[in-house]
Amino acid sequence: TLVISYVGMKTQEVAVQAVLNIRLNSDTQNIDEVVVTAIGIKRSEKSLGYAVSSVGGEEITKARESNVVNALSGKVAGVRIGQSSGTAGGAAKIQIRGTNSSPLFVVDGLPIDNGAYNPDDITGNVDAGNRASDISSDDVESINVLKGAAATALYGARAKDGAIVITTKKGSKNMKTFITVNSSTRFENVAKLPEFQNEYAQGNYGEYNVKSLNGWGPNIAKAAADGMQYNNYKGEKVTLQAYPDNVKDFYQTGMSYINNVSVAGGGEKADFRTSFSSVNQKGIIPESDYNKYSFSVNAGMDFNSKFSARVSAQYVRNDSKGRAAQGSNDPNLLVPLVNGLPRTVDTRDIKNNWVDEYGKQITLDPDGKSNNPYWIINKNKYTTRMDRVIGNIILTYKPFEGLTISNNAGTDFYTEGRRKLYAKGTVGALNGKFQTWNLYKRIINNDLMVSYEKTFANDYHFKVMMGHNLY
């Protein structure tokens with residue numbers, strides 16, 4: 001017997017003969033895509049009266065991101081993802097339909113916090129990330145983006161800019177226990193730098209001045225040809241030489257290691273999935289890193305034909321150090337300082353000469369008015385540490401066919417500590433100082449839903465819902 005099959009065609013089995021004429025028939029099937037809308041309600045996409053886009057977990061993990069929000073980039077029409085900085089563990093901003101929006105994030109029916117709190121405003125602002133980045137991309141089964149106002153009516157004013165509904169992975173009933181291991185490595189480099197002139201040294205009106213970091217001094221090539229020597233920032237007599245790549249040489253190749261191990265299975269009445277994920281990121285700025293560790297569990301149980309329960313929980317811990325200050329008017333500003341390096345300064349030289357034998361900073365000028373960037377990254381570290389728990393329990397009761405009563409109770413809370421340090425001897429904070437923040441956030445949410453649905457004459461479907469929300 002020959003078995004003949006082809007994608008989109010019905011499989012045929014025929015007896016072996018000397019000559020065979022075989023015609024395959026089309027195997028067309030109509031499949032209704034099901035999406036998760038407000039409060040975990042599953043609906044057929046074609047039955048919705050508003051715009052909704054769905055991205056599957058496989059699409060999200062094709063190229064793993066340390067921030068799950070970045071995984072939506074280019075995958076949903078009308079949604080723009082912007083990463084405002086190249087900071088390790090940096091925030092990602094999401095805009096829906098071009099508005100300056102802040103959509104509500106929902107995980108397994110539980111609204112969660114996606115704040116990106118910054119106490120410094122524009123003065124020494126440090127990108128400490130957004131809270132949706134705490135969700136591991138390996139735990140995501142699907143992400144549904146609800147764009148219309150009607151789509152988010154059940155969430156109220158919190159979802160005026162739309163909703164990002166995340167459903168996490170779970171096990172399956174009657175499935176053998178299996179282990180899944182995923183590992184990814186990413187490399188990052190600075191994509192584009194400003195263009196710099198490399199003809200003139202620091203100074204004014206064509207005269208060399210080591211105290212001035214601009215580029216209005218003598219012509220570098222002519223001064224070298226004439227055998228002229230000048231004092232550098234260390235007081236040494238040197239022949240002027242341009243270093244075209246001194247800004248590029250400051251940055252390093254960033255690396256991200258993303259790993260996940262999960263165990264899933266299920267029996268006749270229960271299913272489970274547990275997962276451990278780690279993200280270890282080394283930034284493009286030297287001495288900066290970000291680490292995130294998360295443990296999740298998703299388990300369900302059918303106690304009988306009418307009553308079932310499901311528990312979903314995640315614990316996340318992350319920490320970082322060396323994130324760069326941005327904005328203006330802060331001694332720890334790094335990027336403007338690096339971009340403003342005189343063209344005659346070798347980055348490799350200041351890397352090895354940022355502190356003297358007495359522990360005092362070697363500044364970029366003899367008057368001590370400009371910080372050495374390597375003093376900032378080695379001494380003035382910005383550090384963070386956060387612990388977060390997200391969890392909910394869903395109880396479902398079906399007293400008779402068509403009627404469903406469900407209650408989804410959950411919480412999202414985290415504590416975060418941040419510390420900004422200015423070491424003694426820092427230009428702009430010579431006596432040294434530090435700032436600390438202790439942040440705390442707690443969300444408690446409970447949704448009670450009662451729904452009834454019935455189909456009449458195979459053509460008419462009737463469904464009514466009512467509920468109560470405590471937030």
Side-chain angles (χ1 to χ4, degrees), residues 1-37 40-48 51-65 68 71-79 136-145 165-186 258-275 277 298-300 302 305 308 310 401 453-461 463:
T1 302
L2 289 177
V3 179
I4 302 162
S5 63
Y6 190 75
V7 176
M9 300 293 179
K10 292 182 178 179
T11 300
Q12 289 192 30
E13 295 185 11
V14 296
V16 178
Q17 300 178 15
V19 178
L20 291 173
N21 292 315
I22 300 170
R23 180 177 180 179
L24 297 179
N25 296 319
S26 175
D27 186 18
T28 303
Q29 298 181 9
N30 294 323
I31 301 175
D32 290 336
E33 184 174 358
V34 176
V35 296
V36 179
T37 61
I41 300 170
K42 293 183 178 181
R43 296 276 300 276
S44 172
E45 186 173 12
K46 68 180 183 181
S47 70
L48 302 177
V52 57
S53 299
S54 181
V55 180
E58 292 183 359
E59 286 293 320
I60 295 169
T61 55
K62 275 184 178 179
R64 284 175 172 80
E65 294 273 359
V68 69
L72 293 176
S73 181
K75 294 182 174 68
V76 180
V79 174
S136 171
S137 59
D138 285 284
D139 291 335
V140 175
E141 178 181 314
S142 66
I143 298 179
N144 294 313
V145 181
V165 181
I166 299 174
T167 302
T168 62
K169 294 178 180 178
K170 56 180 70 71
S172 300
K173 293 182 176 64
N174 299 313
M175 180 180 68
K176 292 182 178 180
T177 300
F178 66 94
I179 300 174
T180 303
V181 179
N182 289 304
S183 184
S184 301
T185 302
R186 295 172 58 93
I258 305 174
N259 299 287
N260 174 264
V261 178
S262 65
V263 181
E268 184 178 351
K269 294 186 177 181
D271 65 83
F272 75 94
R273 180 182 184 273
T274 62
S275 170
S277 301
N298 192 320
D302 292 337
S305 60
S308 63
R310 178 164 295 277
E401 184 178 358
E453 57 183 320
K454 188 173 180 63
T455 301
F456 300 94
N458 296 323
D459 291 323
Y460 301 98
H461 187 76
K463 185 172 185 177

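Residue Lys269 qualifies as open at atom NZ: its count of foreign heavy atoms under 6.0 Å is 12 or below.
With contacts defined as side-chain heavy-atom distances shorter than 4.5 Å, the pair Asn259/Ser183 qualifies. Asn174 places a side-chain heavy atom less than 4.5 Å from the side chain of Glu268.
For Lys176, the side chain to side chain donor-acceptor pair (under 3.5 Å) test picks out no residue, with sequence neighbours left out. In terms of the side-chain contact (heavy atoms from CB on, under 4.5 Å) criterion, residue partners of Thr455 (sequence neighbours excluded) are, by chain and number, His461. Legend: residues meeting salt bridge (Lys or Arg N to Asp or Glu O under 4.0 Å) with Glu453, ordered by chain and number and at least two apart, are absent. Residues forming a side-chain contact (heavy atoms from CB on, under 4.5 Å) with Val263 (at least two apart in sequence, or on another chain): Thr177, Ile179, Phe272, Thr274. Under the side-chain contact (heavy atoms from CB on, under 4.5 Å) criterion, Asn182 pairs with Arg64, Asp138, Thr180, Asn260, not counting sequence neighbours. Ser308 pairs by the side-chain contact (heavy atoms from CB on, under 4.5 Å) definition with Asp302, Thr396, not counting sequence neighbours.
Look at Lys169 and Asp139 and you find no salt bridge, because none of the NZ, NE, NH1 or NH2 atoms lies under 4.0 Å from a carboxylate O. A salt bridge links Arg186 and Glu65; the closest N-O separation between the charged side-chain nitrogens and carboxylate oxygens is under 4.0 Å.
Summarising the geometry of Thr167 relative to Lys170, their closest heavy-atom pair is CG2-NZ, 4.2 Å, with the distance given to 0.1 Å. Across all their heavy atoms, Ala264 and Met175 have their closest contact at C-CE, 4.0 Å.
One distance of note links CG of Asp271 with OG of Ser172; it measures 6.5 Å at 0.5 Å rounding. Here the CZ-CG distance, from Arg273 to Asn298, works out to 8.5 Å after rounding to the nearest 0.5 Å.
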